[in-house]
Each structure stands twice: as C-alpha cells, then as structure tokens.
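A, B, ... follow the sequence lines: proteins, then strands. Residue 1 opens every chain.
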There are 2 protein chains.
Amino acid sequence: MPRRSAADAALTRASIIDRSVAVASVEGLEGLTIGRLATDLDMSKAGVIGHFGTKEELQLAALSAARAVYKREVWDRAAAVAPEPGRKRLLAIADAWMSYLARDVFPGGCFITAASCEFDDRPGRVREAIRAQHEEWLRVLAREAQAAIAAGDLPRGTRADDVAFTMNAIAMGTNQARHLAQDPDAPSRGWRAMRTLLHAPRARRRFA
Amino acid sequence: MPRRSAADAALTRASIIDRSVAVASVEGLEGLTIGRLATDLDMSKAGVIGHFGTKEELQLAALSAARAVYKREVWDRAAAVAPEPGRKRLLAIADAWMSYLARDVFPGGCFITAASCEFDDRPGRVREAIRAQHEEWLRVLAREAQAAIAAGDLPRGTRADDVAFTMNAIAMGTNQARHLAQDPDAPSRGWRAMRTLLHAPRARRRFA
DNA sequence: CCTACCGATCGGTAGG
DNA sequence: CCTACCGATCGGTAGG
C-alpha cells in the first residue's frame, strides 16, 4: 500500500471540494458532513478530513471553489461580451447572472446566497469569508454603475451603491423563485426586473 | 408529582415555540435541536419533544408562529395606516417591512427568508409550508399592486406580479445587508429602493 | 413532565 | 490513504 503521489493527492482533494460544493448547495455548509462525503466518494472519513484538518477548513475551501465558479460564470462571461465598464456591462452581468441561475450551475441554487443566509448571524471565519466575497462583488457592481451614471446612462440622482444593492436583491429573489416556488420563468422575471432597474427597453429574453 | 393542567401544558408549549423561533432564526430550522431547547428551557428532552412528537412537527409549529409575528408586524401595521388597497398601502407595507427588519423582531433576521433559503431544495412538509406562506404573501402584494396600476399610480405596462417579486427581493437584500454586512443603514437603503420601485418621491426616512 | 435509555451519527484522532 | 476508535450529541422511546 504505497502512499499516492502528490499529484494524486491534489486530484483527490479537488474531487472532495467538488463534491462538497454540490452537497453544500443543497444541504448547506453545516449540513455538509464528513461521513456523507466519505460515502459519496468511496473513501474513509479520515481520508476525507485529512486533506483539510477541520470541517471549517473544508467549508472555506468549498466556499473558495464556489467563488471561482461564480466569477467564471457571471463576471467573466459578462466581461467577454462587454469589455467596457458602464450600463452595457451591467446588462451583460444581469444576463449572465440570470443564465447562471437558469442553468442550475449549483444543484441547490446559488451557493453564495445559501451560504450567506446560513451564516449571516454566526460569527467566525466562514462568515467573514462570505462577507468579504459579497462586499467585493457589490463593489464591482457599484463601480460599473458609477461608470453608467457618469456616462449619463442612468437617471440623475441615482446612487451607484443602490444599483448594486438592488441588482443583488433581484438575483436573490430570482434564486428563491426558481428553487422554493420552482417557477421555471424565474430567470425571465429577474431579467425584466434588472432591465427596469437599469432603464433598458424590455426586450423579451428566454433563459435555459 | 401530579401532572400539570392543560392550561399549564399550553403555556409550556408556547414557551417552547417562542424559544424555537428565536433559536431557529439564528441557527436555522435544522440547526434547532431538542437538546438545546431542553437546556435553554430547563426541561428534559422528552418534555420538549413530547409536545410535538417529532422534530418536523416542532419545525412546522415554529414556522406557523413566525408567520403570525410577520403578519402582525408587517401586514397589520400597514393595513392600520392605509386601509385602502393601492400604492399608498404598498408604501405602508414597505415602511412596516423595513421597520420590522430594523427592529430585529427575530434575533437572526427574517425567519421566513432564512427558512426559505435553508429548505428551498429539500422536499418535504416543511418546505411546502414555507412555499405556501411565501406564495400567499406574494399574492397579497400583487393584489395591492394591481389596485395601484388600475388607479394609474404606477407606469403603464407595469406587471403586478413583477412589483410583488421585486418588493420581496428588496426585503431579502435588506435582510442580508443588515445581517451579513452588518450595515446599520440597510433599512434606509431598502426603503429608498422600495420608493424607487413604487415611483414615490425619495423622502428621507430613519429606521430604528 | 421526568429518568433512563436506544442506535445512529457527529467531528476528529492515533497509529500505521 | 486506511482501520479502529474516542466522547459528544443527535432524534426519539419506554415506562412511570
């Protein structure tokens, strides 16, 4: 029984994180258990937790992996379509965001929203990591909104941080409509709300 | 050791539910444990669970109690201020809603939002109860919006269910801003977003 | 409403 | 990466 190579170990670690993200998007980061992961991955519990040391480290690793997925699926997609800051890019972000929800990138819906609801009143490292991620994302949105305001593409008196706040709120509502109410039209509804917020014409848009 | 009277039993039951709502608003409905309640209430676990039979029944009882609080703090307050359906009452609802969040009626923030995030992908009776409550509330909001539209108080082409959707989204975002980001101005921000949505002038408003 | 108890599972460790 | 194990806690029950 030789120890496996460092490369093999890294692959195992990645597979544990992948599975953790999927499970936690449905069961929550606390509902994620080492025993459940061990069963799913045909490993021993010690083999699972050995890669992380504690459950909290595993939760932080899952959160970080989810963040990378989120960035790729929302920000990178939008930035590729709209390379300049401003209202066009906000609309591209809204589009990519609704598409991300429509495609069920995480089986239990938006991982970040779920983690945020679960930890918003539980002090600790996990909560601080979620908070830092969330605030960074709101700053990105506000920066875009500021460019749109400077270009005269949003009504005078509009506050950039209010636009960021409401876009995030609409995404949370869309996630809820899709998962709790199981409304297949949730992303279209969210899209309409985003366009109204951004004062864009109400072009119809189908998400799948 | 005589058995206590039915009235005493009802009081005990009510105290268990009260405590359950408070604990679950922070720890979640699954994080709520019978042992924790027993410790908090200086009772035995059997004494706690005996009133409900199963944890699921306890969760349903807590949800129902939270719904009553929510109705009293948001709907009843708004209806007292604005007896007629329409935009004025939507503004009164927005005001009561932000006040409910500002006053931290539940220690862990909006119980319904937390429960919704936690159960939105977990089939079962709890999820169906949350869903039914949520959809009923959205219908109430849409009915108000429909009256506002009929009275010409919202722009032509506005959809009543979209107004309900976005109001709910703004409340979710406000709850997140208050608890995750610990932003004391979250209710004021939510209030601004509600007024923008409802095309009302941006009167300043302090919440506490 | 209590004591006493059940099997299952939790996160985590020792040692290899 | 495994087996074997730890104390703690889980939801729930029997019996009074």
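Ring-centre distance between F106(B) and Y70(B): not below the 6.0 Å cut-off.
At the phosphate of dG11(C), neither OP1 nor OP2 sits under 4.0 Å from any side-chain N or O atom of T54(A).
For K55(A) against dG12(C), a side-chain-to-base donor-acceptor contact under 3.5 Å is absent.
When rounded to the nearest whole Å, the span between CG of L58(B) and C1' of dG12(D) equals 13 Å. Here dG11(C) presents its P atom at 12 Å from CG of L29(A), a figure rounded to the nearest Å. Counting to the nearest Å, the P atom of dG11(D) and the CD atom of E57(B) are 15 Å from each other. Atom pair E27(A):CD and dC10(C):P shows a separation of 11 Å (rounding to whole Å applied). Rounded to a whole Å, the CZ atom of R36(A) is 14 Å from the C1' atom of dT9(C). Between H51(B) atom NE2 and dC2(C) atom P the separation is 9 Å, expressed in whole Å. Here the P atom of nucleotide dT3(C) and the CD1 atom of I49(B) are 17 Å apart, to the nearest Å. Rounding to whole angstrom units, CG of residue D42(B) and C1' of dT3(C) are separated by 16 Å.
Within the nucleic acid shown, T33(A) comes within 4.0 Å of sugar-phosphate atoms alone, with no base atom in reach, counting heavy atoms only. Using a 4.0 Å heavy-atom distance criterion, I34(B) is classed as a sugar-phosphate-only contact. When heavy atoms are screened at a 4.0 angstrom cut-off, L32(B) is found touching the sugar-phosphate backbone but no base atom.
In this structure the side chain of E57(A) never reaches within 4.5 angstrom of the side chain of H51(A), judged on heavy atoms.
Between the side chains of H134(A) and Q176(B), a donor-acceptor pair is found at a separation under 3.5 Å.
When atom types are taken as modelled, the side chain of R103(A) and the backbone of S99(A) share a donor-acceptor pair closer than 3.5 angstrom.
The nucleotide dT9(C) finds its pairing partner in dA8(D), both defining distances of the Watson-Crick or G-U wobble pair being shorter than 3.5 Å. In a base pair of the Watson-Crick type (N1 to N3 plus N6-O4 or O6-N4) or a G-U wobble (N1-O2 and O6-N3), with each distance short of 3.5 Å, dG16(C) is matched with dC1(D).
Of the candidates dC2(D), dC2(C), dG11(C), the closest approach to any side-chain atom of A46(B) belongs to dC2(C). Side-chain proximity of K45(A) to dC2(D), dG12(D), dG11(C): nearest is dG11(C).
A salt bridge does not link R125(A) with E128(A): none of the charged nitrogens is closer than 4.0 Å to a carboxylate oxygen.
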